[in-house]
Amino acid sequence: MTAEIIYGKQLASDLREEMKLEVDALKKAEITPKLTVVLIGDDPASHSYVRGKEKASAEVGVESNVLRMKEETTETQLLEVIDELNNDVSVNGILVQLPLPGHINEQVIIEAISPEKDVDGFHPINIGRMVAGKDTFYPCTPYGIITMLKSKNVKIEGKQAVIVGRSNIVGKPVGQLLLNENATVTYCHSRTEDMRKHTLEADILIVAVGKQHFLTADDIKPGAVVIDVGVNRMENGKLTGDVEFDTAKEKADLITPVPGGVGPMTITMLLHNTIKAAKKHNGYLGK
Ligand code: NAP
């Protein structure tokens, strides 16, 4: 049987419609959620991601501005800018586009952003809150994945979830969010022995490695839910995932495509977090 495809692009569009209504209502109360993105250097991929964030913000009525800074910006200069943004009451969300130039310590920058404006959900305080099972700003890609699973009424509780990849931005937090939903979670990574033994047990298989067609149907349990986070550019210039979609879809029950799967959900959850920050800062949600 061929799997049902989870079109993240469609879900993201539906969620943005709802967010637009929410932002319209906030604007009537004279609250305009505002996101400030800090972009350092000339990396074309980063510039493209930031343009996507600006466009999506405009679509739902979130005000966004981008501070474009030179590649030579020092860590001290960047910390000064973050300090100003932390103290600017008109700014609800701060996002420093990663990766940063090598001479700037990313962790220092992540930790300098106020946890209450950390709409990327990378600050250790927000990660700690997530691990403790508390409501907070969850990292956008993992949160988008959970939202996709819930949109399809995928049963998470009691299920075996296997995460391939353990990065701080995707693998680790998505496993934590699945654990919070009462899944049994296994992480696989580059040192895992006999990885297929694990992936074949997965009811929910999340793949975030960054290697084209890293897993195939042979790695997938019949009836599994497969979420492909990978984004890889093929020789012909097109994008593809970490999972060999054409074979995997014949084995899985539900599967995400690349492109049009997880990617559009990531920006959508960034908007969600920015709106949530604006509501919190204006006393609409508990402190
Ligand atoms: P990352 O930081 O490079 O992490 C890759 C992970 O894969 C690491 O944990 C690594 O293990 C593991 N890995 C590498 N080779 C492996 C192997 N042979 N066997 C098992 N595990 C292996 O990557 P990331 O930032 O998580 O991103 C992963 C992919 O998702 C990339 O393609 C990225 O572009 C994409 N992505 C997409 C979105 C989106 O919104 N769609 C968002 C973020 C990332 P070790 O830890 O042992 O090295």
Side-chain angles (χ1 to χ4, degrees), residues 5-13 15-16 37 43-53 55-56 95-100 102 106-107 110 119-122 127 138-149 161-178 185-202 205-216 218-220 226-234 237-245 255-273:
I5 298 169
I6 313 178
Y7 290 105
K9 195 172 174 189
Q10 183 58 50
L11 176 59
S13 156
L15 290 172
R16 288 181 201 180
V37 178
D43 176 47
S46 291
H47 276 259
S48 157
Y49 291 140
V50 167
R51 276 194 302 276
K53 285 165 187 169
K55 188 166 162 269
L95 184 150
V96 177
Q97 183 66 41
L98 303 178
L100 291 172
E106 277 185 8
Q107 194 59 28
I110 288 170
V119 286
D120 248 345
F122 293 162
I127 293 170
Y138 302 126
C140 300
T141 302
Y143 193 24
I145 292 169
I146 299 295
T147 304
M148 287 172 108
L149 294 174
V162 176
I163 324 295
V164 187
R166 56 172 169 179
S167 68
N168 288 337
I169 62 166
V170 187
K172 280 182 201 161
V174 77
Q176 185 61 53
L177 289 178
L178 287 163
V185 179
T186 300
Y187 288 96
C188 297
H189 45 78
S190 65
R191 315 290 166 86
T192 300
E193 291 179 6
D194 193 4
M195 199 172 63
R196 185 171 284 170
K197 181 183 86 186
H198 299 288
T199 61
L200 283 175
E201 293 199 336
L205 179 62
I206 317 274
V207 193
V209 171
K211 291 188 175 157
Q212 177 179 336
H213 301 169
F214 183 68
L215 298 186
T216 70
D218 293 341
D219 302 295
I220 294 169
V226 179
I227 306 289
D228 187 354
V229 188
V231 180
N232 309 291
R233 198 164 290 280
M234 294 188 288
K238 290 191 176 160
L239 295 181
T240 191
D242 287 351
V243 176
E244 192 181 69
F245 183 80
I255 189 166
T256 58
V258 179
V262 174
M265 290 299 291
T266 298
I267 295 189
T268 304
M269 301 331 280
L270 172 68
L271 299 174
H272 168 93
N273 281 348

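In this chain, residues are counted from 1 in sequence order. For ligands, and for the atoms within them, numbers begin at 1 and follow the listed sequence.
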Going by heavy-atom distance to [atom], choose the closest among [options].
{"atom": "atom 42 (C) of ligand 1", "options": "N232, T141, T256, L215", "value": "T141"}
{"atom": "atom 10 (C) of ligand 1", "options": "C188, P99, S190", "value": "S190"}
{"atom": "atom 5 (C) of ligand 1", "options": "V258, V164, I267, V209", "value": "V209"}

Give me the residue, atom name and distance of the protein heavy atom closest to [atom].
{"atom": "atom 29 (C) of ligand 1", "value": "G210 N, 3.7 Å"}
{"atom": "atom 25 (O) of ligand 1", "value": "I169 CD1, 3.6 Å"}
{"atom": "atom 19 (N) of ligand 1", "value": "F214 CZ, 3.2 Å"}
{"atom": "atom 39 (C) of ligand 1", "value": "T266 OG1, 3.7 Å"}
{"atom": "atom 30 (O) of ligand 1", "value": "V229 O, 3.4 Å"}
{"atom": "atom 8 (C) of ligand 1", "value": "R166 N, 4.0 Å"}
{"atom": "atom 12 (C) of ligand 1", "value": "G165 CA, 4.1 Å"}

Nearest protein heavy atom under 4.0 Å from atom 32 (O) of ligand 1, yes or no: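 Yes, at least one protein heavy atom sits under 4.0 Å from atom 32 (O) of ligand 1.
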L215 and L205: CA distance, side-chain angles, deciding distance, side-chain contact (heavy atoms from CB on, under 4.5 Å) verdict: CA-CA 11 Å; L215 298 186; L205 179 62; 4.0 Å; yes
Subset of ligand 1 atoms that lie under 4.0 Å from at least one heavy atom of G263: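 Numbered from 1, ligand 1 contributes 40 (O), 41 (N).
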Taking distance alone, no hydrogens or angles, what donor-acceptor pairs closer than 3.5 Å link side-chain atoms of residues 139-146 to residues at least two apart or in another chain?
{"residue": "T141", "atom": "OG1", "partner": "T266", "partner atom": "OG1", "Å": "3.0"}
{"residue": "Y143", "atom": "OH", "partner": "H272", "partner atom": "NE2", "Å": "3.4"}

Non-neighbouring partners of R51 that pass salt bridge (Lys or Arg N to Asp or Glu O under 4.0 Å), sequence neighbours left out: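 For R51, no residue satisfies salt bridge (Lys or Arg N to Asp or Glu O under 4.0 Å) once neighbours in sequence are set aside.
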Exam field: side chain Y187 to backbone K172, donor-acceptor pair closer than 3.5 Å: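 Indeed, once roles are kept as given, a pair shorter than 3.5 Å links the two residues.
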Test log, rule side-chain contact (heavy atoms from CB on, under 4.5 Å), inputs N232 and D242: CA-CA 7 Å; N232 309 291; D242 287 351; 2.9 Å; yes
Applying a strict 4.0 Å limit to heavy atoms, is [X] in contact with ligand 1?
{"X": "T192", "value": "no"}
{"X": "G171", "value": "no"}
{"X": "K211", "value": "yes"}

For the [atom1] atom of [X] and the [atom2] atom of [Y], what is their distance to the nearest 0.5 Å?
{"X": "E193", "Y": "C188", "atom1": "CD", "atom2": "SG", "result": "11.5 Å"}
{"X": "I5", "Y": "F245", "atom1": "CD1", "atom2": "CZ", "result": "3.5 Å"}
{"X": "I127", "Y": "I110", "atom1": "CD1", "atom2": "CD1", "result": "7.5 Å"}

Contact check: S167 vs ligand 1, nitrogen or oxygen atoms, below 3.5 angstrom: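 S167 vs ligand 1: N/O contact under 3.5 Å present.
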V231-ligand 1 polar pair, N/O distance under 3.5 Å: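 N/O-N/O distance below 3.5 Å exists for this pair.
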Salt-bridge present (R196, D219; N to O < 4.0 Å):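 Counted as a salt bridge, because a side-chain N and a carboxylate O are separated by less than 4.0 Å.
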V231 side chain reached by V262 side chain, heavy atoms, under 4.5 Å: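 Not touching, per the 4.5 Å side-chain cut-off.
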Region of V170 that comes within reach of ligand 1 [heavy atoms, distance under 4.0 Å]: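 It is the side chain that touches ligand 1; the backbone stays farther off.
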Residue from Q212, R233, H213 passing side chain to side chain donor-acceptor pair (under 3.5 Å) with T240: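 One option only clears the test, and that one is H213.
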